[in-house]
Amino acid sequence: MKTKSFSQKVYSALKKVPKGKITTYKELARAVNSKAYRAVGTAMNKNPQGFLSGGKIPCHRVVNSDGRVGKFASGTKKKIEMLKKEGVSISKEKVEDFGKFLFNLNKIS
DNA sequence: TCGAATGACAGCG
DNA sequence: CGCTGTCATTCGA
């Protein structure tokens, strides 16, 4: 495994998330063996290589540990609708069965 | 409720 | 080029 940048690892982990599932900044940060929860979102925001640019980074599948969608580049509400189309139950701006749709990147035992 | 920690970027000198 | 402030967050007291 080559020494990838922190952000690069985050993208790779996020790409692993299947459709209809979501993940949290905390899990992503843990996937890269870091605790820079903020850096995960910040790096994405600075690198809009997400689904908007024809990329493969489902930034909209990333939510906060509280189940909140947090903030998104193209509009938080927009992501909520997308997630709902994927099958995720969201109320207002918060995921209901958040833990149920959560995808374990680290597959914690 | 508030502050600290952590990674990256923009602005300023 | 180097430092500071801010940010798509989280945790502990």
Trainee: Starting at atom NZ of A/Lys78, determine the distance to atom C1' of C/dA8, rounded to an integer number of angstrom.
Mentor: 18 Å
Trainee: Measure the distance from CG on A/Asn45 to P on B/dG7 and round it to the nearest whole Å.
Mentor: 18 Å
Trainee: Of the nucleotides B/dA8, C/dA8, C/dT10, which has the atom closest to the A/Phe6 side chain?
Mentor: B/dA8
Trainee: For the pair made of OH in A/Tyr25 and P in B/dT6, what is the distance, rounded to whole Å?
Mentor: 20 Å
Trainee: Just N and O in the side chain of A/Lys26: are any of them under 4.0 Å from OP1 or OP2 of C/dT10?
Mentor: no
Trainee: Any non-hydrogen side-chain atom of A/Val40 less than 4.5 Å from a side-chain atom of A/Phe6?
Mentor: yes
Trainee: Output the rounded distance in Å from NZ (A/Lys35) to C1' (C/dG12).
Mentor: 12 Å
Trainee: Looking at every non-hydrogen atom in both residues, tell me the closest pair between A/Leu83 and A/His60 and how far apart they are.
Mentor: CD1-O, 3.1 Å
Trainee: Please report the distance, rounded to the nearest Å, between CZ in A/Arg68 and C1' in C/dT9.
Mentor: 14 Å
Trainee: Nearest heavy-atom pair of A/Phe72 and A/Thr76: which atoms, and what distance?
Mentor: N-OG1, 3.5 Å
Trainee: Taking the nucleotide of DNA chain C with the nearest heavy atom to each, does A/Thr42 or A/Asp66 sit closer to the 5' end?
Mentor: A/Thr42
Trainee: By the 4.0 Å heavy-atom rule, please label A/Ser7 as base, sugar-phosphate, or nothing.
Mentor: sugar-phosphate
Trainee: Nearest to the side chain of A/Ala36 - B/dT6, B/dC9, C/dA8?
Mentor: B/dT6
Trainee: Identify whether any heavy atom of A/Ser65 sits under 4.0 Å from a base atom; if not, whether one sits that close to sugar-phosphate; answer base, sugar-phosphate or nothing.
Mentor: sugar-phosphate
Trainee: Could you tell me whether A/Phe72 contacts a base, only the sugar-phosphate backbone, or nothing, with contacts defined as non-hydrogen atoms closer than 4.0 Å?
Mentor: base
Trainee: Nearest of C/dC11, C/dA8, B/dG7 to any side-chain atom of A/Cys59?
Mentor: C/dA8
Trainee: Any side-chain heavy atom of A/Asn64 sitting closer than 4.5 Å to one from A/Thr24?
Mentor: no
Trainee: Which atom pair, heavy atoms only, marks the closest approach of A/Glu86 to A/Gly20?
Mentor: OE1-N, 3.0 Å
Trainee: Within a strict 4.5 Å, meaning less than it, do heavy atoms of the A/Arg61 and A/Met82 side chains meet?
Mentor: no
Trainee: Name the closest nucleotide to the A/Tyr37 side chain, picking from C/dC11, B/dG7, B/dC9.
Mentor: C/dC11
Trainee: Using whole Å, what does the distance between atom C1' of nucleotide B/dT6 and atom CZ of A/Arg30 come to?
Mentor: 14 Å
Trainee: A/Asn64 side chain N/O closer than 4.0 Å to the phosphate oxygens (OP1, OP2) of C/dT10?
Mentor: yes
Trainee: Please state how far atom NZ in A/Lys71 lies from atom C1' in C/dC7, giving the value in whole angstrom units.
Mentor: 8 Å
Trainee: Hey, are the side chains of A/Leu14 and A/Met44 touching, using non-hydrogen atoms and a 4.5 Å cut-off?
Mentor: yes
Trainee: Defining pairs by Watson-Crick or G-U wobble geometry with both distances under 3.5 Å, how would you list the stems of DNA chain C with at least three pairs each?
Mentor: B:1-5 with C:9-13, B:7-13 with C:1-7
Trainee: Using the P atom in both, what is the distance from B/dA4 to C/dT4, to the nearest Å?
Mentor: 16 Å
Trainee: Any side-chain heavy-atom pair from A/Glu96 and A/Ile90 closer than 4.5 angstrom?
Mentor: no
Trainee: Which whole-number value in Å describes the distance from A/Lys46 NZ to C/dT6 P?
Mentor: 13 Å
